[in-house]
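Presented below is the structure to which this report refers.
Just so you know, residue 1 is the first one in the sequence shown, and it goes up from there. One-based numbering, in listed order, for ligands and for the atoms of each.
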Amino acid sequence: MRRIRRFSIGNPINTEAAVQEIPKEKGEFPYFTRVQGIALESDGDSQETMVQMDYLCYQMGTEDRIYGLGEHVRGINKRGWVYESNCTDDPAHTEGKRSLYGAHNFFVVDGAHTFGIFVDYPGKLTLDMGYTRMDELRITPEDWNLDFYLLEGDSILEIVTAFRNMVGRSYIPPKWAFGFGQSRWGYKSAEDIRAVVRGYREQGIPLDSVYMDIDYMERFKDFTIDEGRFPDFPQFVKEMEQEHIHLVPIIDAGVKIEEGYEVYEEGLEKGYFCKDKEGKEFVGAVWPGKVHFPDVLNKDARKWFGSKYKYLLDQGIEGFWNDMNEPAIFYSEKNLNQVMKEIKGIKNDNMDMWEVFAFKDLVNGLANNPKDYSSFYHNMDGETVCHSKVHNLYGYGMTRAAGEAFEELEPEKRILMFSRSSYIGMHRYGGIWMGDNRSWWSHLLLNLKMLPSLNMCGFLYTGADLGGFGDDVTEDLLLRWMALGIFTPLMRNHAALGTREQECYKFTQTETFRNLIGIRYGLMPYLYSEFMKAALEDKMMFLPLAFVYPEDSHAKEVEDQLILGESMMIAPVYTQNASGRYVYLPEPMKLVRLKSMEEIETEVLEQGHYYIEIPLDEVVFFIRPGKIVPYTEPGQHMEELQGKELKLLHFADGAAEYELYQDDGYGKDYGNPDHRKILRVK
Ligand code: GLC
């Protein structure tokens with residue numbers, strides 16, 4: 001039986017994460033106790049310090065597992081580390097990190113008791129999942145104004161669906177956004193983009209979109225296009241359209257301070273930028289140099305910022321990615337002045353070790369400094385609120401600005417939108433990508449692990465920078481990563497300025513890339529259908545094996561395979577020089593081995609552990625008993641898939657059924673019964 005209970009403490013800020021109103025309950029929360037007091041804490045060496053404690057504590061049993069928390073490093077089971085919800089622009093996603101770009105305070109504890117917790121709190125929240133003490137789960141907010149939701153149900157999946165019902169339907173992108181996209185920070189001109197499209201088309205490697213990073217703007221100003229490098233932009237958009245390519249420009253949070261720049265002047269005049277303590281516009285710096293941040297937590301300012309997307313929509317653009325919206329701050333004007341002064345003071349010093357460390361800290365501390373975050377303010381419904389109290393809502397506000405504007409400007413049409421920073425609630429307005437990962441094998445696995453945690457929190461349209469954003473990729477890493485990426489809703493190859501070029505056609509195994517991406521397109525009937533059903537029914541698209549086989553103790557520990565929708569299990573290779581990998585089958589399954597959509601082999605395997613050979617030029621997945629995977633011939637782009645005959649892969653002894661969801665991919669009449677069709681094998 002499902003039950004959601006809400007306990008409100010203090011005077012919570014309304015984040016609008018939930019769309020369902022849950023009545024407040026009074027009294028003690030179940031399972032948790034509030035621990036308050038002063039204690040002597042040891043740092044493990046000889047140092048002992050007095051610490052003030054005030055947290056909610058759950059006593060964990062040895063068997064308890066924790067799932068969820070959305071975008072974070074580490075495992076599918078989140079137990080054994082301390083996480084912080086504190087949206088951060090940090091391009092080093094190493095195991096020691098406590099925060100990435102999102103704040104997703106929903107998790108499920110599964111063990112002696114099984115329940116879900118959502119802490120609706122937009123400030124910094126510490127979630128200690130057995131770090132300080134291995135048997136304690138501790139939740140520490142910075143102040144006690146929050147909504148604490150407790151969710152119960154008969155299974156983890158039921159709890160997740162109850163939560164997703166409560167926070168509202170996940171964002172649905174246009175269908176073309178399921179096609180493969182190429183991106184790179186550094187495509188500077190229309191000519192650069194044409195070369196990318198040519199590269200793909202000449203090699204017959206499918207492609208649907210090219211992303212435009214900050215280089216398309218005029219001096220990194222939002223809602224501008226550099227006319228020298230992109231002459232007659234609307235015509236260029238049309239030309240790309242004829243090639244069946246969608247251009248997807250980036251929009252950054254900071255608005256450049258520049259006289260004569262309309263967005264800046266308008267925002268200033270209307271008072272729509274965040275202010276400092278003295279009531280003056282706060283000055284931070286990002287790519288364009290000094291910027292102001294639009295106050296996207298103020299309804300009017302949000303509407304205004306959203307209306308600016310029209311500039312690009314009017315030129316034929318149908319999708320965007322919102323970036324730097326933690327918001328990232330390279331330095332603030334005030335702090336920079338202060339640091340410069342201090343550096344001048346030590347200029348002629350003979351710095352010893354400590355002084356060098358302090359000097360480095362001064363410079364490194366310029367970016368994303370907590371002091372800066374507490375020195376500017378929002379106007380939320382007439383109330384002045386310090387940014388650090390609502391820090392985690394900024395990316396949400398920016399993406400909501402866009403989402404609400406699209407509803408108004410293009411009510412009949414789906415517009416692609418995904419963001420870097422997010423909070424639960426933002427999942428209704430856009431997807432997210434997983435930020436600035438690296439060309440590391442460990443990040444391929446991290447990509448897989450994040451998928452179910454994000455799905456739990458409502459983020460279905462998601463994916464990582466395939467091949468890795470930072471550092472140089474190798475051809476085998478890209479091939480293996482793409483072999484996972486063909487299954488993720490957002491399938492985009494993106495890389496940082498200065499790294500090795502990683503467009504698929506730049507490597508030697510072009511035929512393999514063609515086949516691999518072809519498999520993505522071939523499996524589209526299944527992938528799109530599973531995405532849509534997950535969105536429309538508040539379900540997960542990617543599930544840990546533990547959720548599907550809760551009685552199977554092996555399945556519970558699997559951290560490198562996922563169930564994808566109703567019929568499929570995936571188990572990609574994520575180690576270099578491996579000819580295959582170990583796979584655990586919790587039940588008999590049909591192994592499907594594809595070299596291309598035309599070369600498919602299958603083999604039935606019993607439940608158990610296997611070493612499966614998976615050469616670099618093959619994709620392997622598994623079909624569950626009694627299940628069907630519809631597929632089709634591939635195409636060079638999504639439009640080419642239209643009208644192609646559906647075929648069925650299945651693992652059915654007798655009769656089996658699959659409910660296919662299909663629509664035109666643009667409209668929003670999701671409830672139309674014609675979109676659903678039962679496919680049968682007899
Ligand atoms: C940020 C984004 C990255 C983008 C870069 C330049 O690092 O995360 O995707 O390429 O900014 O805009």
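The nearest protein atom to atom 8 (O) of ligand 1, hydrogens excluded, is given as Asp436 OD1, 2.5 Å; this is a heavy-atom distance. Nearest protein heavy-atom neighbour of atom 12 (O) of ligand 1: Asp213 OD1, 2.5 Å.
At a heavy-atom cutoff of 4.0 Å, ligand 1 is contacted by no atom of Phe220, backbone or side chain.
Asn493 places a side-chain N or O within 3.5 Å of a backbone atom of Gln502 that can act as its donor or acceptor partner. Asp226 places no side-chain N or O within donor-acceptor distance of the main-chain N or O of Tyr216, the cut-off being under 3.5 Å.
Under a 4.0 Å criterion applied to the non-hydrogen atoms of His494, ligand 1 contributes the atoms 3 (C), 4 (C), 9 (O), 10 (O). The atoms of ligand 1 that sit less than 4.0 Å from any heavy atom of Ile214 are 6 (C), 12 (O). Annotation for ligand 1: atoms under 4.0 Å from non-hydrogen atoms of Arg420 are 1 (C), 2 (C), 7 (O), 8 (O). Residue contact check: Ile250 has heavy atoms under 4.0 Å from atoms 12 (O) of ligand 1.
Note: no N/O pair closer than 3.5 Å links Trp433 and ligand 1 by distance alone. At a 3.5 angstrom cut-off on N or O pairs, Asp323 counts as close to ligand 1.
Inter-residue side-chain proximity for Trp481 and His443 is flagged as met; some heavy-atom pair is nearer than 4.5 Å.
Between Arg420 and Asp89 there is a salt bridge, with a side-chain nitrogen of the basic residue lying less than 4.0 Å from a carboxylate oxygen of the acidic one.
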Discussion item. Run the side-chain contact (heavy atoms from CB on, under 4.5 Å) test on Ile329 and Asn369 for me, step by step, so that the C-alpha distance in whole Å, both residues' side-chain angles and the decisive distance to 0.1 Å come before the verdict.
Written reply: CA-CA 8 Å; Ile329 303 179; Asn369 191 313; over 6 Å; no
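The side-chain tip of Lys308 does not point at the ring of Phe223 from less than 6.0 angstrom away and within 45° of straight on.
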